[in-house]
Asker: 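Sharing a structure, written as structure tokens. Questions coming.
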Amino acid sequence: MQNHADKQEKVLSQITEKNIEGRDFSGCDLSGIDLRGIDLSRINFRGADLRSANLSGAILTGANLREANLQQVNFCDADLSQADLTQANLCGACLWRVQLSGSKLWGASLCNADLREADLSAAQLIEASLVEANLVRANLTKAKLCGSVLIEANFNQANLTGADLKWANLMAANFSEANLENANFKNAKLYETIMPDGTIRVDLRR
């Protein structure tokens with residue numbers, strides 16, 4: 001019976017082959033694997049266990065990461081644009097400067113995730129959980145955050161121009177110095193929320 005290391009070695013040998021586009025690694029145990037800087041575009045990782053993996057600088061454009069376990073994964077400087085991360089678990093993941101433009105993050109868990117300077121423009125974060133997520137200087141232009149839980153999330157200096165935050169829970173979120181031009185806060189919960197000018201709003205709904 002193959003042990004964990006042998007299985008990962010086999011996966012690595014397949015990934016480093018030419019013409020790997022469209023390969024299926026769904027459900028695989030890839031926890032702790034090192035895939036730094038590798039082109040993984042459009043590969044299927046649905047339901048895979050990638051906990052604590054190193055994917056810094058990797059190219060995952062259009063990849064399928066639905067329902068994958070991505071806790072504590074290092075995605076620093078990775079390209080996940082147009083990727084499908086629906087209901088993925090990204091709690092504690094490092095997504096510093098990551099490209100997530102146009103990605104699908106419906107129902108994803110990003111609690112305590114580091115999203116500093118991430119590009120989330122036009123990303124779909126509907127009903128996602130970003131409790132205590134760090135979004136300092138992130139680009140959320142036209143992002144959809146309807147119904148998301150953003151309690152104590154830090155949006156300091158973030159760009160939320162045209163973002164949709166209807167029905168979002170923004171209790172104690174920090175929007176200091178953020179750009180909220182044309183952002184939609186209809187029916188959002190803003191209790192003890194820090195606004196761009198430093199004022200604290202209490203239970204504002206509009």
Asker: Taking the side chain as C-beta and beyond, is there a heavy-atom pair between R36 and N74 under 4.5 Å?
Answerer: no

Asker: Check whether I59 and L55 end up in the same hydrophobic cluster, where Ile, Leu, Val, Met, Phe, Trp and Tyr are linked by side-chain heavy atoms less than 4.5 Å apart.
Answerer: no

Asker: To check you understand the geometry: which heavy-atom pair defines the closest contact between I200 and E192, and what is its length?
Answerer: CG2-CA, 3.6 Å

Asker: I43 and L50: same hydrophobic cluster, using ILVMFWY side-chain contacts below 4.5 Å?
Answerer: yes

Asker: Please round to the nearest 0.5 Å and tell me the distance separating atom CG of N154 and atom CD of Q157.
Answerer: 9.5 Å

Asker: Cluster question for you: counting only ILVMFWY and a side-chain heavy-atom cut-off of under 4.5 Å, with indirect links fine, are I38 and V98 together?
Answerer: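 Result: yes, single cluster for both.
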
Asker: Please tabulate, for side-chain N and O atoms in residues 123-131, each donor-acceptor pair with protein atoms closer than 3.5 Å (sequence neighbours left out).
Answerer:
unit_1	atom_1	unit_2	atom_2	d
Q124	OE1	W106	NE1	2.6

Asker: For atom CZ of R97, decide whether the heavy atoms of other residues, nucleotides or ligands shown that lie under 6.0 angstrom number more than 12.
Answerer: yes

Asker: Please give me the minimum heavy-atom distance between A153 and L135, naming the atom from each residue.
Answerer: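 In terms of heavy atoms, the two residues are closest at CB-CD1, 4.3 Å.
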
Asker: Please work out which of the three classes, parallel, tilted or perpendicular, describes the rings of F155 and F175, given edges at 30° and 60°.
Answerer: parallel

Asker: Could you state the interatomic distance from CG (L95) to CZ (R116), rounded to the nearest 0.5 Å?
Answerer: 11.0 Å

Asker: My understanding is that only one of L105, D84, L40, L70 makes a side-chain contact (heavy atoms from CB on, under 4.5 Å) with L65; could you say which?
Answerer: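 Exactly one pass, corresponding to L70.
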
Asker: For S176 and N156, does a side-chain donor sit closer than 3.5 Å to a side-chain acceptor?
Answerer: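 Yes.
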
Asker: Consider only side-chain N and O atoms of D24 and N44, and report whether a donor and an acceptor are under 3.5 Å apart.
Answerer: yes

Asker: Are any of the side-chain heavy atoms of W96 and C76 separated by less than 4.5 Å?
Answerer: yes

Asker: Answer yes or no: is there a side-chain heavy-atom contact under 4.5 Å between L160 and L165?
Answerer: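 SC-SC contact between L160 and L165 confirmed.
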
Asker: As an exercise, state the distance from CD of Q82 to CD of Q99, rounded to the nearest 0.5 Å.
Answerer: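 Here the rounded value is 11.0 Å.
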
Asker: Supply the atom-to-atom distance Q71 CD to S31 OG, rounded to the nearest 0.5 angstrom.
Answerer: 11.0 Å

Asker: For a quick test of reading the model, state the closest non-hydrogen atom pair linking A188 to L170 and the distance between them.
Answerer: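 Closest approach of A188 to L170: CB-CD1, 4.0 Å.
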
Asker: Any chance you could measure D164, atom CG, to N184, atom CG, to the nearest 0.5 Å?
Answerer: 5.0 Å

Asker: How long is the span from the CG atom in D197 to the CD1 atom in I194, to the nearest 0.5 Å?
Answerer: 11.0 Å

Asker: Establish, from distance only, whether the side-chain atoms of S101 and S121 form a donor-acceptor pair under 3.5 Å.
Answerer: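 No.
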
Asker: Using a 4.5 Å cut-off on heavy atoms from C-beta on, say whether the side chain of M171 contacts that of K189.
Answerer: yes

Asker: Can you find a pair of side-chain heavy atoms, one from L90 and one from V73, that are under 4.5 Å apart?
Answerer: no

Asker: Might you point out which heavy atoms bring A168 and L145 nearest each other, and give the distance in Å?
Answerer: CB-O, 3.8 Å

Asker: Is E67 close to R46 at the side-chain level, that is, under 4.5 Å between some pair of heavy atoms?
Answerer: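 Yes - at least one pair of side-chain heavy atoms lies under 4.5 Å apart.
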
Asker: Is there a path of hydrophobic side-chain contacts, each under 4.5 Å between heavy atoms of I/L/V/M/F/W/Y residues, joining L30 to L80?
Answerer: yes

Asker: Would a 4.5 Å heavy-atom cut-off, applied to side chains only, mark S81 and T61 as touching?
Answerer: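 Yes, side chains in contact.
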
Asker: Can you see which heavy atom on L140 is nearest to which on A158, and at what distance?
Answerer: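 Taking L140 first and A158 second, the nearest heavy atoms are CD1-CB, 4.4 Å.
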
